[in-house]
Amino acid sequence: EVTYSAVLDVYAKVGKVGEVMSLYERGRASGWTPDPIAFSVLCKVFGEAGDYDGIRFVLQEMRSLGVQPNLVVYNTLLEAMGKAGKPGLARSLFEEMIEAGVTPNEKTLTALVKVYGKARWSRDALELWERMRSSGWPMDFILYNTLLSMCADLGLEEEAEMLFEDMKQSEYCRPDSFSYTAMLNIYGSGGKVDRAMELVEEMSEVGVELNVMGCTCLIQCLGRSKRLDELARVFEASIERGIRPD
RNA sequence: CGACGUAGAGAGAA
């Protein structure tokens, strides 16, 4: 029982989708009842392959075997829905999870935000953010960064600023280079050069390193505004600091 | 004894 799930995971890590399925079928045929770990592994494999039919198979199997998904199974299911681009199904699965009395963790919420972001469902993502706060669900820097990055993709500047401020005030996390890159991206595509430059200043004050990605956003922002002199200075300074252009 | 989460830019082609 333990061994089946463990071996399934080994196949999964090597990316052998066919092997995973045939081992699963063989186990089933010999009377093995899969545990939640086995299902989470199946979800991971189908999710990575973007195989939506596979996901439906997993849901079907769990239902017919009467296996209740646990937190990790829900997390892997939600991630798989993201890769398959099924935000509506992800949303109803999430509601089902809450009804079942399973409390989401940071990974659950990150997965769901990512699904919404990919589908450009920013309204759902931001409502979820409100709900996390009022329900006292756990939030960490990765979750905030995922929200920020969605705002950057969709050009939601005001929302991003609220999230960013909230993140600074949180006792559980502080903005890191991912967070600043998302903000630089937002100001970059919105042409807010001065806000972007202020952020760079702030980064050195709080000791967050500007990396290649943040630097790229900044350079693009300066280029867009035709501030080529500053652009050149930023570029030179970045090289000095050890950033390798890619 | 085994399972899960975050970022930039990108010629040509579509």
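Below, chain A is the first sequence line, B the second, and so on; all start at residue 1.
Under a 4.0 Å N-O distance rule, the pair A:Glu61/A:Arg28 qualifies as a salt bridge. Using a 4.0 Å cut-off between charged side-chain N and carboxylate O, A:Lys44 and A:Glu48 make no salt bridge. A salt bridge links A:Asp194 to A:Arg227: at least one charged side-chain nitrogen sits closer than 4.0 Å to a carboxylate oxygen. For A:Glu95 and A:Arg131, the salt-bridge test passes: some basic side-chain N is under 4.0 Å from an acidic carboxylate O. The pair A:Asp153-A:Lys118 does not count as a salt bridge, with every side-chain nitrogen at least 4.0 angstrom from each carboxylate oxygen.
Atom CG of A:Leu23 is separated from atom P of B:G2 by 18 Å (rounded to the nearest Å). Atom-to-atom, CG of A:Leu148 to C1' of B:G5 comes out at 15 Å; the value is rounded to the nearest Å. Atom pair A:Leu42:CG and B:C4:P shows a separation of 13 Å (rounding to whole Å applied). At whole-Å resolution of the value, NZ in A:Lys107 and P in B:G5 are 6 Å apart. A:Met81 has its CE atom 18 Å from the P atom of B:C4, to the nearest Å. In this structure, CE of A:Met132 is placed 12 Å from C1' of B:G5, rounded to the nearest angstrom. As rounded to whole Å, 24 Å separates atom P of B:G5 from atom OH of A:Tyr172.
Legend: residues meeting side-chain contact (heavy atoms from CB on, under 4.5 Å) with A:Ser189, ordered by chain and number and at least two apart, are A:Asn185.
Comparing the same atom, C1', in B:G10 and in B:A14 gives a spacing of 16 Å after rounding to whole Å. With both ends at atom C1', the span from B:C4 to B:G8 equals 25 Å, rounded to whole Å.
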How does protein reach along nucleotides 6-11 of chain B, written 5' to 3' as B (base within reach of a heavy atom under 4.0 Å), S (only sugar-phosphate), or - (no contact)? BBBSS-
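No contact: A:Asn105 has no heavy atom under 4.0 Å from any strand.
Shown here is A:Arg133, whose CZ atom has more than 12 heavy atoms of other residues, nucleotides or ligands within 6.0 Å.
For A:Val41, the side-chain atoms get nearest to B:A3 when compared with the rest of B:A3, B:G2, B:C4.
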